[in-house]
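Hydrogens, waters and symmetry mates are skipped; everything else that's a heavy atom, side chains included, is used. Every value quoted in this text rests on a predicted model; they were computed, and no experiment measured them. Here is how names work: the chains are called A, B, and so on, in the same order as the sequence lines, proteins then strands, and each is numbered from 1.
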2 protein chains.
Amino acid sequence: MHGDEKRHVPAATVPRLTLYLRKLRELHAHGVARVSSKDLAAMIDLNPAQIRKDFSYFGEFGTRGVGYEVPRLIAEITRSLGLDRTWNAVIVGAGLLGTALARYRGFADQGFRLVGVFDSSPGVIGASYGSGRVRAIDEFEAFCAQERVDIALVTVPAAEAQTTVDRIAAAGVRAVLDFAPVRVSVPAGVIVRQVDLSSELMILAYSLADDGAGGDVS
Amino acid sequence: MHGDEKRHVPAATVPRLTLYLRKLRELHAHGVARVSSKDLAAMIDLNPAQIRKDFSYFGEFGTRGVGYEVPRLIAEITRSLGLDRTWNAVIVGAGLLGTALARYRGFADQGFRLVGVFDSSPGVIGASYGSGRVRAIDEFEAFCAQERVDIALVTVPAAEAQTTVDRIAAAGVRAVLDFAPVRVSVPAGVIVRQVDLSSELMILAYSLADDGAGGDVS
DNA sequence: AGCTGTGAAACATTTCACAGCT
DNA sequence: AGCTGTGAAATGTTTCACAGCT
(Lines give C-alpha, C1' and ligand atoms only; values in the text may rest on other atoms or scores of the structure.)
Protein backbone atom coordinates (compact mmCIF):
# COMPACT_ATOMS: atom_id res chain seq x y z
CA MET A 1 0.00 0.00 0.00
CA HIS A 2 2.82 2.41 0.67
CA GLY A 3 5.61 1.24 -1.56
CA ASP A 4 6.79 -1.81 -3.42
CA GLU A 5 5.70 -4.33 -0.83
CA LYS A 6 5.33 -7.74 -2.44
CA ARG A 7 1.65 -8.73 -2.46
CA HIS A 8 0.62 -12.33 -2.55
CA VAL A 9 -0.53 -13.14 -6.07
CA PRO A 10 -3.16 -15.93 -6.27
CA ALA A 11 -2.17 -18.82 -8.48
CA ALA A 12 -5.34 -18.34 -10.52
CA THR A 13 -4.36 -14.80 -11.47
CA VAL A 14 -1.25 -15.58 -13.51
CA PRO A 15 -2.89 -17.57 -16.33
CA ARG A 16 -5.43 -14.77 -16.69
CA LEU A 17 -2.68 -12.18 -17.04
CA THR A 18 -1.51 -14.01 -20.17
CA LEU A 19 -5.03 -13.71 -21.60
CA TYR A 20 -5.19 -10.01 -20.82
CA LEU A 21 -1.81 -9.47 -22.44
CA ARG A 22 -2.85 -11.25 -25.60
CA LYS A 23 -6.10 -9.30 -25.92
CA LEU A 24 -4.40 -5.99 -25.13
CA ARG A 25 -1.78 -6.57 -27.81
CA GLU A 26 -4.60 -7.23 -30.25
CA LEU A 27 -6.33 -4.00 -29.22
CA HIS A 28 -3.05 -2.12 -29.52
CA ALA A 29 -2.51 -3.52 -33.01
CA HIS A 30 -5.96 -2.20 -33.89
CA GLY A 31 -5.02 1.24 -32.62
CA VAL A 32 -7.11 1.21 -29.45
CA ALA A 33 -5.54 3.56 -26.92
CA ARG A 34 -7.68 3.07 -23.83
CA VAL A 35 -9.82 0.33 -22.35
CA SER A 36 -11.95 -0.08 -19.26
CA SER A 37 -12.15 -3.22 -17.14
CA LYS A 38 -15.77 -3.50 -18.23
CA ASP A 39 -14.91 -3.53 -21.94
CA LEU A 40 -11.99 -5.91 -21.51
CA ALA A 41 -14.13 -8.18 -19.37
CA ALA A 42 -16.79 -8.35 -22.05
CA MET A 43 -14.17 -9.33 -24.63
CA ILE A 44 -12.70 -12.12 -22.51
CA ASP A 45 -15.99 -13.13 -20.92
CA LEU A 46 -15.01 -12.39 -17.34
CA ASN A 47 -16.17 -10.27 -14.44
CA PRO A 48 -14.76 -6.70 -14.53
CA ALA A 49 -13.92 -6.80 -10.81
CA GLN A 50 -11.82 -9.88 -11.44
CA ILE A 51 -9.70 -7.97 -13.90
CA ARG A 52 -9.26 -4.96 -11.62
CA LYS A 53 -8.33 -7.19 -8.70
CA ASP A 54 -5.84 -9.13 -10.80
CA PHE A 55 -4.12 -5.90 -11.79
CA SER A 56 -4.20 -4.62 -8.22
CA TYR A 57 -1.79 -7.35 -7.09
CA PHE A 58 0.89 -5.68 -9.17
CA GLY A 59 0.08 -2.00 -8.77
CA GLU A 60 -2.35 0.73 -9.73
CA PHE A 61 -2.26 0.97 -13.49
CA GLY A 62 -5.51 2.75 -14.25
CA THR A 63 -7.11 6.15 -13.93
CA ARG A 64 -10.40 6.47 -12.07
CA GLY A 65 -13.20 7.68 -14.22
CA VAL A 66 -11.19 6.94 -17.34
CA GLY A 67 -9.83 3.40 -17.62
CA TYR A 68 -6.47 1.96 -18.60
CA GLU A 69 -4.00 3.17 -21.22
CA VAL A 70 -3.45 0.16 -23.45
CA PRO A 71 0.31 0.65 -23.99
CA ARG A 72 0.94 1.28 -20.30
CA LEU A 73 -1.05 -1.80 -19.35
CA ILE A 74 0.82 -3.95 -21.87
CA ALA A 75 4.11 -2.73 -20.42
CA GLU A 76 3.03 -3.37 -16.83
CA ILE A 77 1.71 -6.89 -17.46
CA THR A 78 4.75 -7.71 -19.56
CA ARG A 79 6.95 -6.71 -16.65
CA SER A 80 4.78 -8.44 -14.07
CA LEU A 81 4.98 -11.71 -15.99
CA GLY A 82 8.74 -11.42 -16.38
CA LEU A 83 8.52 -11.02 -20.15
CA ASP A 84 10.64 -7.86 -20.27
CA ARG A 85 13.63 -10.03 -21.12
CA THR A 86 14.48 -13.03 -23.28
CA TRP A 87 14.16 -16.58 -21.98
CA ASN A 88 16.21 -19.34 -23.55
CA ALA A 89 14.41 -22.59 -24.19
CA VAL A 90 15.44 -26.04 -25.39
CA ILE A 91 13.40 -28.94 -26.66
CA VAL A 92 14.37 -32.39 -25.45
CA GLY A 93 12.92 -35.13 -27.63
CA ALA A 94 12.95 -34.61 -31.40
CA GLY A 95 10.04 -36.90 -32.22
CA LEU A 96 6.92 -35.78 -34.05
CA LEU A 97 5.76 -33.34 -31.40
CA GLY A 98 9.24 -32.06 -30.61
CA THR A 99 10.02 -31.24 -34.24
CA ALA A 100 6.58 -29.69 -34.75
CA LEU A 101 7.25 -27.39 -31.79
CA ALA A 102 10.79 -26.66 -33.00
CA ARG A 103 9.50 -25.43 -36.33
CA TYR A 104 6.76 -23.41 -34.73
CA ARG A 105 7.68 -19.76 -35.11
CA GLY A 106 5.81 -17.58 -32.66
CA PHE A 107 8.15 -18.62 -29.94
CA ALA A 108 10.30 -15.63 -30.62
CA ASP A 109 7.31 -13.28 -30.80
CA GLN A 110 6.89 -13.69 -27.08
CA GLY A 111 10.49 -13.30 -26.00
CA PHE A 112 11.28 -16.99 -25.97
CA ARG A 113 14.31 -18.12 -27.93
CA LEU A 114 14.80 -21.73 -28.95
CA VAL A 115 18.52 -22.30 -28.45
CA GLY A 116 18.72 -26.06 -28.93
CA VAL A 117 16.99 -29.34 -29.67
CA PHE A 118 18.25 -32.60 -28.16
CA ASP A 119 17.54 -36.27 -28.68
CA SER A 120 19.09 -39.59 -27.74
CA SER A 121 18.37 -41.47 -30.95
CA PRO A 122 21.27 -41.64 -33.45
CA GLY A 123 18.75 -41.70 -36.28
CA VAL A 124 17.59 -38.22 -35.36
CA ILE A 125 20.77 -36.52 -34.13
CA GLY A 126 22.09 -34.13 -36.73
CA ALA A 127 18.73 -33.72 -38.47
CA SER A 128 17.91 -30.14 -39.35
CA TYR A 129 14.95 -28.32 -37.82
CA GLY A 130 14.76 -24.97 -39.52
CA SER A 131 17.39 -22.86 -37.83
CA GLY A 132 19.65 -25.57 -36.40
CA ARG A 133 20.46 -29.21 -35.99
CA VAL A 134 19.39 -31.76 -33.42
CA ARG A 135 22.12 -32.35 -30.83
CA ALA A 136 22.94 -35.51 -28.91
CA ILE A 137 21.49 -35.52 -25.42
CA ASP A 138 24.96 -36.42 -24.15
CA GLU A 139 26.04 -32.91 -25.04
CA PHE A 140 23.30 -31.42 -22.88
CA GLU A 141 25.34 -30.70 -19.74
CA ALA A 142 28.19 -29.17 -21.70
CA PHE A 143 25.68 -27.07 -23.64
CA CYS A 144 24.08 -25.80 -20.42
CA ALA A 145 27.49 -24.86 -19.05
CA GLN A 146 28.08 -22.75 -22.15
CA GLU A 147 24.67 -21.24 -22.83
CA ARG A 148 22.07 -20.26 -20.27
CA VAL A 149 18.99 -22.51 -20.54
CA ASP A 150 15.92 -21.25 -18.68
CA ILE A 151 13.18 -23.59 -19.82
CA ALA A 152 13.15 -27.15 -21.17
CA LEU A 153 10.25 -28.48 -23.23
CA VAL A 154 10.17 -32.23 -22.74
CA THR A 155 8.71 -34.20 -25.65
CA VAL A 156 10.24 -37.63 -25.02
CA PRO A 157 8.17 -40.83 -24.70
CA ALA A 158 6.43 -41.37 -21.37
CA ALA A 159 8.86 -44.06 -20.26
CA GLU A 160 11.82 -41.69 -20.57
CA ALA A 161 10.21 -38.61 -19.09
CA GLN A 162 11.37 -39.00 -15.49
CA THR A 163 15.02 -39.74 -16.25
CA THR A 164 15.06 -36.95 -18.83
CA VAL A 165 13.68 -34.47 -16.35
CA ASP A 166 16.15 -35.65 -13.68
CA ARG A 167 18.96 -34.94 -16.08
CA ILE A 168 17.56 -31.55 -17.03
CA ALA A 169 17.15 -30.54 -13.38
CA ALA A 170 20.65 -31.77 -12.54
CA ALA A 171 22.01 -29.56 -15.32
CA GLY A 172 20.54 -26.54 -13.54
CA VAL A 173 17.43 -25.85 -15.63
CA ARG A 174 14.71 -24.59 -13.32
CA ALA A 175 11.56 -24.72 -15.46
CA VAL A 176 10.11 -27.65 -17.39
CA LEU A 177 7.13 -27.91 -19.70
CA ASP A 178 6.33 -31.61 -19.82
CA PHE A 179 4.32 -32.98 -22.75
CA ALA A 180 4.67 -36.63 -21.73
CA PRO A 181 1.57 -38.20 -20.20
CA VAL A 182 3.24 -38.94 -16.86
CA ARG A 183 3.63 -36.82 -13.79
CA VAL A 184 7.30 -36.31 -13.08
CA SER A 185 8.81 -35.36 -9.75
CA VAL A 186 11.52 -32.76 -9.45
CA PRO A 187 13.77 -31.36 -6.73
CA ALA A 188 12.63 -28.26 -4.87
CA GLY A 189 13.32 -25.12 -6.83
CA VAL A 190 12.36 -26.62 -10.18
CA ILE A 191 8.93 -25.85 -11.61
CA VAL A 192 7.07 -28.28 -13.85
CA ARG A 193 3.94 -27.67 -15.81
CA GLN A 194 2.28 -30.40 -17.75
CA VAL A 195 0.51 -30.24 -21.09
CA ASP A 196 -1.49 -33.42 -21.22
CA LEU A 197 -3.40 -34.26 -24.37
CA SER A 198 -5.04 -37.46 -23.19
CA SER A 199 -6.13 -35.84 -19.96
CA GLU A 200 -7.76 -33.02 -21.96
CA LEU A 201 -9.58 -35.51 -24.18
CA MET A 202 -10.86 -37.37 -21.14
CA ILE A 203 -12.16 -34.17 -19.60
CA LEU A 204 -14.03 -33.44 -22.83
CA ALA A 205 -15.40 -36.99 -22.81
CA TYR A 206 -16.65 -36.44 -19.27
CA SER A 207 -18.46 -33.28 -20.27
CA LEU A 208 -20.01 -34.98 -23.28
CA ALA A 209 -21.07 -38.07 -21.36
CA ASP A 210 -22.26 -36.31 -18.28
CA ASP A 211 -25.09 -34.31 -19.78
CA GLY A 212 -26.34 -32.88 -23.00
CA ALA A 213 -24.19 -29.80 -22.68
CA GLY A 214 -22.91 -27.03 -20.46
CA GLY A 215 -21.03 -29.38 -18.15
CA ASP A 216 -18.17 -26.95 -18.12
CA VAL A 217 -15.00 -28.15 -16.49
CA SER A 218 -12.60 -25.38 -17.49
CA MET B 1 -27.10 -40.79 -0.28
CA HIS B 2 -29.85 -43.32 -0.89
CA GLY B 3 -29.63 -44.09 -4.54
CA ASP B 4 -28.20 -42.79 -7.76
CA GLU B 5 -28.92 -39.17 -7.07
CA LYS B 6 -26.65 -37.00 -9.17
CA ARG B 7 -24.19 -35.21 -6.91
CA HIS B 8 -22.58 -31.97 -7.94
CA VAL B 9 -19.05 -32.73 -9.07
CA PRO B 10 -16.61 -29.84 -8.56
CA ALA B 11 -14.86 -28.75 -11.74
CA ALA B 12 -11.51 -29.34 -10.06
CA THR B 13 -12.24 -33.00 -9.46
CA VAL B 14 -12.45 -34.15 -13.09
CA PRO B 15 -8.83 -33.43 -14.10
CA ARG B 16 -7.69 -35.28 -11.00
CA LEU B 17 -9.76 -38.32 -11.94
CA THR B 18 -7.68 -38.63 -15.11
CA LEU B 19 -4.53 -38.67 -12.99
CA TYR B 20 -5.93 -41.34 -10.70
CA LEU B 21 -6.92 -43.44 -13.68
CA ARG B 22 -3.48 -43.24 -15.21
CA LYS B 23 -1.72 -44.16 -11.99
CA LEU B 24 -4.17 -46.99 -11.27
CA ARG B 25 -3.63 -48.48 -14.71
CA GLU B 26 0.08 -48.37 -14.04
CA LEU B 27 -0.42 -50.13 -10.70
CA HIS B 28 -2.66 -52.68 -12.36
CA ALA B 29 -0.04 -53.37 -15.02
CA HIS B 30 2.42 -54.00 -12.20
CA GLY B 31 0.05 -56.51 -10.64
CA VAL B 32 -1.02 -54.40 -7.66
CA ALA B 33 -4.48 -55.53 -6.54
CA ARG B 34 -5.35 -53.05 -3.79
CA VAL B 35 -4.45 -49.51 -2.88
CA SER B 36 -5.37 -47.12 -0.08
CA SER B 37 -6.05 -43.43 -0.52
CA LYS B 38 -2.94 -42.81 1.56
CA ASP B 39 -0.69 -44.78 -0.79
CA LEU B 40 -2.24 -43.35 -3.93
CA ALA B 41 -1.97 -39.86 -2.48
CA ALA B 42 1.73 -40.35 -1.78
CA MET B 43 2.29 -41.44 -5.39
CA ILE B 44 0.48 -38.46 -6.89
CA ASP B 45 1.57 -35.99 -4.21
CA LEU B 46 -1.88 -35.11 -2.97
CA ASN B 47 -3.88 -35.18 0.23
CA PRO B 48 -5.56 -38.58 0.90
CA ALA B 49 -8.83 -36.92 1.90
CA GLN B 50 -8.88 -35.18 -1.46
CA ILE B 51 -8.84 -38.51 -3.22
CA ARG B 52 -11.54 -40.03 -1.04
CA LYS B 53 -13.75 -37.00 -1.50
CA ASP B 54 -13.23 -37.02 -5.28
CA PHE B 55 -14.36 -40.65 -5.41
CA SER B 56 -17.29 -39.95 -3.12
CA TYR B 57 -18.95 -37.74 -5.74
CA PHE B 58 -19.46 -40.84 -7.86
CA GLY B 59 -20.15 -43.51 -5.29
CA GLU B 60 -18.60 -45.64 -2.56
CA PHE B 61 -15.90 -47.69 -4.19
CA GLY B 62 -13.76 -48.72 -1.25
CA THR B 63 -13.85 -51.01 1.75
CA ARG B 64 -13.30 -49.52 5.21
CA GLY B 65 -10.27 -50.85 6.92
CA VAL B 66 -8.97 -52.25 3.64
CA GLY B 67 -8.76 -49.76 0.79
CA TYR B 68 -9.72 -49.89 -2.89
CA GLU B 69 -9.58 -52.83 -5.30
CA VAL B 70 -7.53 -51.54 -8.22
CA PRO B 71 -9.55 -53.19 -11.02
CA ARG B 72 -12.86 -52.09 -9.52
CA LEU B 73 -11.58 -48.55 -9.10
CA ILE B 74 -10.32 -48.45 -12.68
CA ALA B 75 -13.73 -49.60 -13.89
CA GLU B 76 -15.60 -47.04 -11.78
CA ILE B 77 -13.44 -44.08 -12.81
CA THR B 78 -13.54 -45.18 -16.43
CA ARG B 79 -17.31 -45.18 -16.28
CA SER B 80 -17.50 -41.92 -14.33
CA LEU B 81 -15.38 -40.17 -16.96
CA GLY B 82 -17.46 -41.56 -19.80
CA LEU B 83 -14.59 -43.66 -21.13
CA ASP B 84 -16.57 -46.90 -21.24
CA ARG B 85 -17.26 -46.25 -24.88
CA THR B 86 -15.44 -45.00 -27.97
CA TRP B 87 -15.35 -41.32 -28.89
CA ASN B 88 -14.75 -40.29 -32.48
CA ALA B 89 -12.34 -37.41 -33.01
CA VAL B 90 -11.24 -35.38 -35.99
CA ILE B 91 -8.30 -33.04 -36.46
CA VAL B 92 -8.93 -29.81 -38.31
CA GLY B 93 -5.73 -28.22 -39.53
CA ALA B 94 -3.07 -30.49 -41.02
CA GLY B 95 -0.09 -28.25 -40.32
CA LEU B 96 2.92 -29.28 -38.29
CA LEU B 97 1.06 -29.75 -35.05
CA GLY B 98 -2.00 -31.32 -36.67
CA THR B 99 0.02 -33.96 -38.50
CA ALA B 100 2.13 -34.64 -35.40
CA LEU B 101 -1.07 -35.29 -33.45
CA ALA B 102 -2.53 -37.36 -36.29
CA ARG B 103 0.43 -39.71 -36.23
CA TYR B 104 0.43 -39.92 -32.46
CA ARG B 105 -0.75 -43.39 -31.51
CA GLY B 106 -1.97 -43.53 -27.94
CA PHE B 107 -5.21 -41.97 -28.98
CA ALA B 108 -6.75 -45.36 -29.43
CA ASP B 109 -5.34 -46.63 -26.12
CA GLN B 110 -7.77 -44.36 -24.35
CA GLY B 111 -10.87 -45.08 -26.37
CA PHE B 112 -10.48 -42.17 -28.76
CA ARG B 113 -10.61 -42.94 -32.44
CA LEU B 114 -9.26 -40.54 -35.04
CA VAL B 115 -11.78 -40.75 -37.86
CA GLY B 116 -10.61 -37.90 -40.06
CA VAL B 117 -8.15 -35.08 -40.68
CA PHE B 118 -9.23 -31.94 -42.53
CA ASP B 119 -7.49 -28.94 -44.04
CA SER B 120 -8.33 -26.09 -46.39
CA SER B 121 -5.01 -25.91 -48.21
CA PRO B 122 -4.89 -27.72 -51.59
CA GLY B 123 -1.20 -28.41 -51.01
CA VAL B 124 -2.04 -30.58 -48.03
CA ILE B 125 -5.35 -32.20 -49.02
CA GLY B 126 -4.82 -35.81 -50.01
CA ALA B 127 -1.55 -36.13 -48.10
CA SER B 128 -1.30 -39.35 -46.14
CA TYR B 129 -1.07 -39.37 -42.34
CA GLY B 130 -0.52 -42.97 -41.35
CA SER B 131 -3.93 -44.57 -41.51
CA GLY B 132 -5.71 -42.18 -43.86
CA ARG B 133 -5.61 -39.14 -46.09
CA VAL B 134 -6.22 -35.48 -45.37
CA ARG B 135 -9.69 -34.43 -46.53
CA ALA B 136 -10.83 -31.05 -47.82
CA ILE B 137 -12.56 -28.98 -45.15
CA ASP B 138 -15.40 -28.49 -47.63
CA GLU B 139 -16.29 -32.13 -47.10
CA PHE B 140 -16.59 -31.62 -43.36
CA GLU B 141 -20.37 -31.20 -43.11
CA ALA B 142 -21.03 -34.17 -45.38
CA PHE B 143 -18.57 -36.23 -43.36
CA CYS B 144 -20.31 -35.34 -40.09
CA ALA B 145 -23.66 -36.32 -41.57
CA GLN B 146 -22.24 -39.74 -42.38
CA GLU B 147 -20.02 -40.48 -39.40
CA ARG B 148 -20.58 -39.37 -35.81
CA VAL B 149 -17.91 -36.86 -34.74
CA ASP B 150 -17.73 -36.25 -30.99
CA ILE B 151 -14.60 -34.15 -30.60
CA ALA B 152 -12.69 -31.82 -32.92
CA LEU B 153 -9.03 -30.98 -32.33
CA VAL B 154 -8.41 -27.57 -33.87
CA THR B 155 -4.86 -26.97 -35.05
CA VAL B 156 -5.40 -24.18 -37.58
CA PRO B 157 -3.57 -20.82 -37.45
CA ALA B 158 -4.85 -18.32 -34.90
CA ALA B 159 -6.49 -16.13 -37.52
CA GLU B 160 -8.69 -19.00 -38.73
CA ALA B 161 -9.56 -20.47 -35.35
CA GLN B 162 -12.86 -18.68 -34.78
CA THR B 163 -14.36 -19.34 -38.22
CA THR B 164 -13.17 -22.93 -38.06
CA VAL B 165 -14.79 -23.47 -34.69
CA ASP B 166 -18.00 -21.80 -35.91
CA ARG B 167 -18.11 -24.27 -38.76
CA ILE B 168 -17.41 -27.23 -36.48
CA ALA B 169 -20.12 -26.19 -34.04
CA ALA B 170 -22.59 -25.64 -36.88
CA ALA B 171 -21.91 -29.18 -38.07
CA GLY B 172 -23.09 -30.46 -34.70
CA VAL B 173 -19.79 -31.30 -32.98
CA ARG B 174 -20.16 -30.54 -29.29
CA ALA B 175 -16.58 -30.67 -27.97
CA VAL B 176 -13.51 -28.80 -29.19
CA LEU B 177 -9.89 -28.94 -28.11
CA ASP B 178 -8.39 -25.71 -29.37
CA PHE B 179 -4.62 -25.49 -29.87
CA ALA B 180 -4.68 -22.01 -31.44
CA PRO B 181 -3.52 -19.18 -29.18
CA VAL B 182 -6.86 -17.36 -29.29
CA ARG B 183 -9.90 -17.73 -27.15
CA VAL B 184 -12.83 -18.74 -29.32
CA SER B 185 -16.47 -18.30 -28.49
CA VAL B 186 -19.03 -21.00 -29.11
CA PRO B 187 -22.80 -21.42 -28.89
CA ALA B 188 -24.25 -22.81 -25.69
CA GLY B 189 -24.01 -26.58 -25.56
CA VAL B 190 -20.54 -26.71 -27.11
CA ILE B 191 -17.56 -27.19 -24.81
CA VAL B 192 -14.13 -25.78 -25.62
CA ARG B 193 -10.90 -26.46 -23.86
CA GLN B 194 -7.74 -24.68 -24.83
CA VAL B 195 -4.19 -26.00 -24.94
CA ASP B 196 -2.08 -22.89 -25.03
CA LEU B 197 1.66 -23.26 -25.44
CA SER B 198 2.61 -19.59 -25.23
CA SER B 199 0.46 -19.10 -22.16
CA GLU B 200 2.22 -22.02 -20.48
CA LEU B 201 5.62 -20.58 -21.33
CA MET B 202 4.61 -17.21 -19.90
CA ILE B 203 3.46 -18.82 -16.68
CA LEU B 204 6.83 -20.54 -16.39
CA ALA B 205 8.56 -17.22 -17.08
CA TYR B 206 6.55 -15.62 -14.28
CA SER B 207 7.61 -18.32 -11.84
CA LEU B 208 11.24 -17.97 -12.86
CA ALA B 209 11.26 -14.19 -12.70
CA ASP B 210 9.25 -13.85 -9.56
CA ASP B 211 11.58 -15.54 -7.14
CA GLY B 212 14.40 -18.01 -6.92
CA ALA B 213 12.08 -20.95 -6.92
CA GLY B 214 8.94 -22.57 -5.58
CA GLY B 215 6.68 -19.92 -7.08
CA ASP B 216 4.25 -22.64 -7.97
CA VAL B 217 1.40 -21.64 -10.22
CA SER B 218 -0.07 -25.02 -11.08
C1' DA C 1 -21.08 10.72 -14.61
C1' DG C 2 -17.84 7.18 -14.97
C1' DC C 3 -14.44 4.03 -13.72
C1' DT C 4 -10.76 2.38 -10.58
C1' DG C 5 -9.20 0.10 -6.39
C1' DT C 6 -10.48 -2.63 -2.58
C1' DG C 7 -12.64 -4.26 1.86
C1' DA C 8 -16.25 -7.46 2.79
C1' DA C 9 -19.57 -11.08 1.35
C1' DA C 10 -20.46 -15.03 -1.28
C1' DC C 11 -18.89 -19.04 -3.19
C1' DA C 12 -15.67 -22.95 -4.14
C1' DT C 13 -12.16 -26.09 -2.87
C1' DT C 14 -9.16 -28.39 0.20
C1' DT C 15 -8.00 -30.27 4.50
C1' DC C 16 -9.12 -31.85 9.11
C1' DA C 17 -10.93 -34.98 12.19
C1' DC C 18 -13.67 -38.55 13.46
C1' DA C 19 -17.71 -41.82 13.28
C1' DG C 20 -18.46 -46.20 11.29
C1' DC C 21 -17.33 -50.40 9.08
C1' DT C 22 -14.05 -54.54 8.36
C1' DA D 1 -5.83 -51.50 14.12
C1' DG D 2 -6.69 -49.61 9.80
C1' DC D 3 -8.98 -47.26 6.26
C1' DT D 4 -13.17 -45.27 4.14
C1' DG D 5 -16.71 -41.73 3.79
C1' DT D 6 -18.09 -37.27 5.10
C1' DG D 7 -19.68 -33.20 7.99
C1' DA D 8 -17.29 -29.18 9.54
C1' DA D 9 -13.31 -26.01 9.56
C1' DA D 10 -9.83 -23.79 7.03
C1' DT D 11 -8.27 -21.88 3.05
C1' DG D 12 -8.55 -19.87 -1.55
C1' DT D 13 -11.08 -17.42 -5.22
C1' DT D 14 -14.60 -14.66 -7.22
C1' DT D 15 -18.05 -11.27 -7.01
C1' DC D 16 -20.37 -7.42 -4.84
C1' DA D 17 -20.75 -2.84 -3.62
C1' DC D 18 -19.07 1.46 -2.71
C1' DA D 19 -15.59 5.13 -1.35
C1' DG D 20 -12.54 7.97 -3.84
C1' DC D 21 -10.54 10.11 -7.75
C1' DT D 22 -10.93 12.36 -12.51
Side-chain angles (χ1 to χ4, degrees), chain A residues 1-17 19-20 24 27 32-70 72-73 76-77 80 203 215-218, chain B residues 1-5 7-17 19-20 24 27 32-70 72-73 76-77 80 203 214-218:
Chain A
M1 262 279 205
H2 63 66
D4 47 10
E5 238 158 69
K6 191 74 205 337
R7 305 278 245 314
H8 173 255
V9 179
T13 288
V14 180
R16 278 194 303 265
L17 287 179
L19 298 185
Y20 304 153
L24 288 164
L27 291 175
V32 178
R34 258 202 291 272
V35 73
S36 68
S37 61
K38 181 160 154 286
D39 296 344
L40 191 56
M43 296 174 208
I44 311 196
D45 190 31
L46 242 83
N47 182 302
Q50 177 86 86
I51 294 182
R52 297 198 298 275
K53 189 149 283 229
D54 283 342
F55 293 166
S56 79
Y57 297 118
F58 298 92
E60 306 197 358
F61 306 149
T63 311
R64 290 170 197 227
V66 178
Y68 301 90
E69 302 278 337
V70 172
R72 161 100 196 271
L73 200 43
E76 296 285 5
I77 297 176
S80 300
I203 296 167
D216 212 317
V217 184
S218 310
Chain B
M1 258 280 204
H2 64 67
D4 49 9
E5 237 157 70
R7 307 276 245 317
H8 173 255
V9 179
T13 287
V14 180
R16 279 194 302 265
L17 288 180
L19 299 185
Y20 304 153
L24 288 165
L27 290 175
V32 178
R34 258 203 290 273
V35 72
S36 68
S37 62
K38 183 161 152 285
D39 296 344
L40 191 56
M43 295 174 209
I44 309 194
D45 192 30
L46 242 85
N47 182 302
Q50 177 87 87
I51 293 182
R52 295 198 300 273
K53 189 148 283 223
D54 283 341
F55 293 165
S56 79
Y57 297 118
F58 298 92
E60 307 196 0
F61 305 150
T63 312
R64 292 170 195 227
V66 178
Y68 301 90
E69 302 278 337
V70 172
R72 161 100 196 270
L73 201 43
E76 295 286 4
I77 297 176
S80 299
I203 295 167
D216 213 319
V217 183
S218 310

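- Between A:F61 and A:F55, the ring planes are tilted. Angles from 30° to 60° get that label.
- If you measure from atom CG of B:D45 to atom P of C:dT14, you get 14 Å, rounded to the nearest angstrom.
- Picking from C:dT22, D:dT4, C:dA17 the nucleotide with the shortest atom distance to the side chain of B:S36 gives D:dT4.
- Here the nucleotide nearest the side chain of A:K53, chosen from C:dA8, C:dC16, D:dA17, is C:dA8.
- Rounded to whole Å, atom P of C:dC21 lies 16 Å from atom CZ of B:R52.
- For B:R16, the CZ atom is densely surrounded, since the number of other residues' heavy atoms within 6.0 Å is greater than 12.
- A straight line from CG of A:L40 to P of C:dC3 spans 14 Å, rounded to a whole angstrom.
- The base-pairing partner of D:dT15, taking Watson-Crick or G-U wobble contacts with both distances under 3.5 Å, is C:dA8.
- In this structure, of C:dT22, C:dT6, C:dT15, it is C:dT15 that holds the atom nearest to the side chain of B:A49.
- Between the NE2 atom of A:H8 and the C1' atom of D:dT11 there is a distance of 11 Å, given to the nearest Å.
- Rounding to the nearest 0.5 angstrom, the gap separating the CD1 atom in A:I51 from the CE atom in A:M43 is 9.0 Å.
- Of all non-hydrogen atoms in A:L19 and A:I44, the two that sit nearest each other are O-CD1, 4.0 Å.
- Spacing between atom CD of B:Q50 and atom C1' of D:dT6 amounts to 14 Å, rounded to whole angstrom units.
- In this structure, C:dT22 and D:dA1 make a Watson-Crick or G-U wobble pair, each of the two defining distances being under 3.5 angstrom.
- When the nearest nucleotides of DNA chain D are assigned to B:V66 and A:N47 by heavy-atom distance, the more 5′-ward of the two goes with B:V66.
- At the heavy-atom level, A:F55 lies nowhere under 4.0 Å from the strands shown.
- The side chain of B:A12 lies closest to C:dT13 when the candidates are D:dT6, D:dT15, C:dT13.
- In this entry the distance linking OH of B:Y57 with P of D:dT6 reads 11 Å, nearest Å.
- Interatomic distance, OH of B:Y20 versus CD of B:Q50, reported as 5.0 Å (0.5 Å rounding).
- Mapping A:L46 and A:G65 onto DNA chain D by nearest heavy atom places A:L46 closer to the 5' end of the strand.
- Listed pair A:R16 / D:dT14 meets the phosphate criterion, a side-chain N or O lying under 4.0 Å from OP1 or OP2.
- Contact check, A:R64 against C:dA1: no side-chain N or O comes under 4.0 Å of OP1 or OP2.
- Out of C:dT14, D:dT14, C:dT22, the shortest distance to the side chain of B:T63 is found at C:dT22.
- The minimum heavy-atom distance linking A:V35 with A:L40 is given by the pair CG2-N, 4.0 Å.
- When distances are taken from the side chain of A:S56 to each of D:dG5, D:dT13, C:dT6, the shortest belongs to C:dT6.
- For the pair B:D39 CG and D:dG2 P, the interatomic distance rounds to 13 Å; values are reported in whole Å.
- Taking atom CD1 on A:I51 and atom C1' on C:dT4, their separation rounds to 13 Å, with Å as the unit.
- Between A:S37 and the phosphate of C:dT4, there is a side-chain N or O to OP1/OP2 separation shorter than 4.0 Å.
- Listed pair A:Y68 / C:dG5 meets the phosphate criterion, a side-chain N or O lying under 4.0 Å from OP1 or OP2.
- In this structure, the nucleotide among C:dC3, D:dT13, D:dG5 sitting nearest to the side chain of A:A11 is D:dT13.
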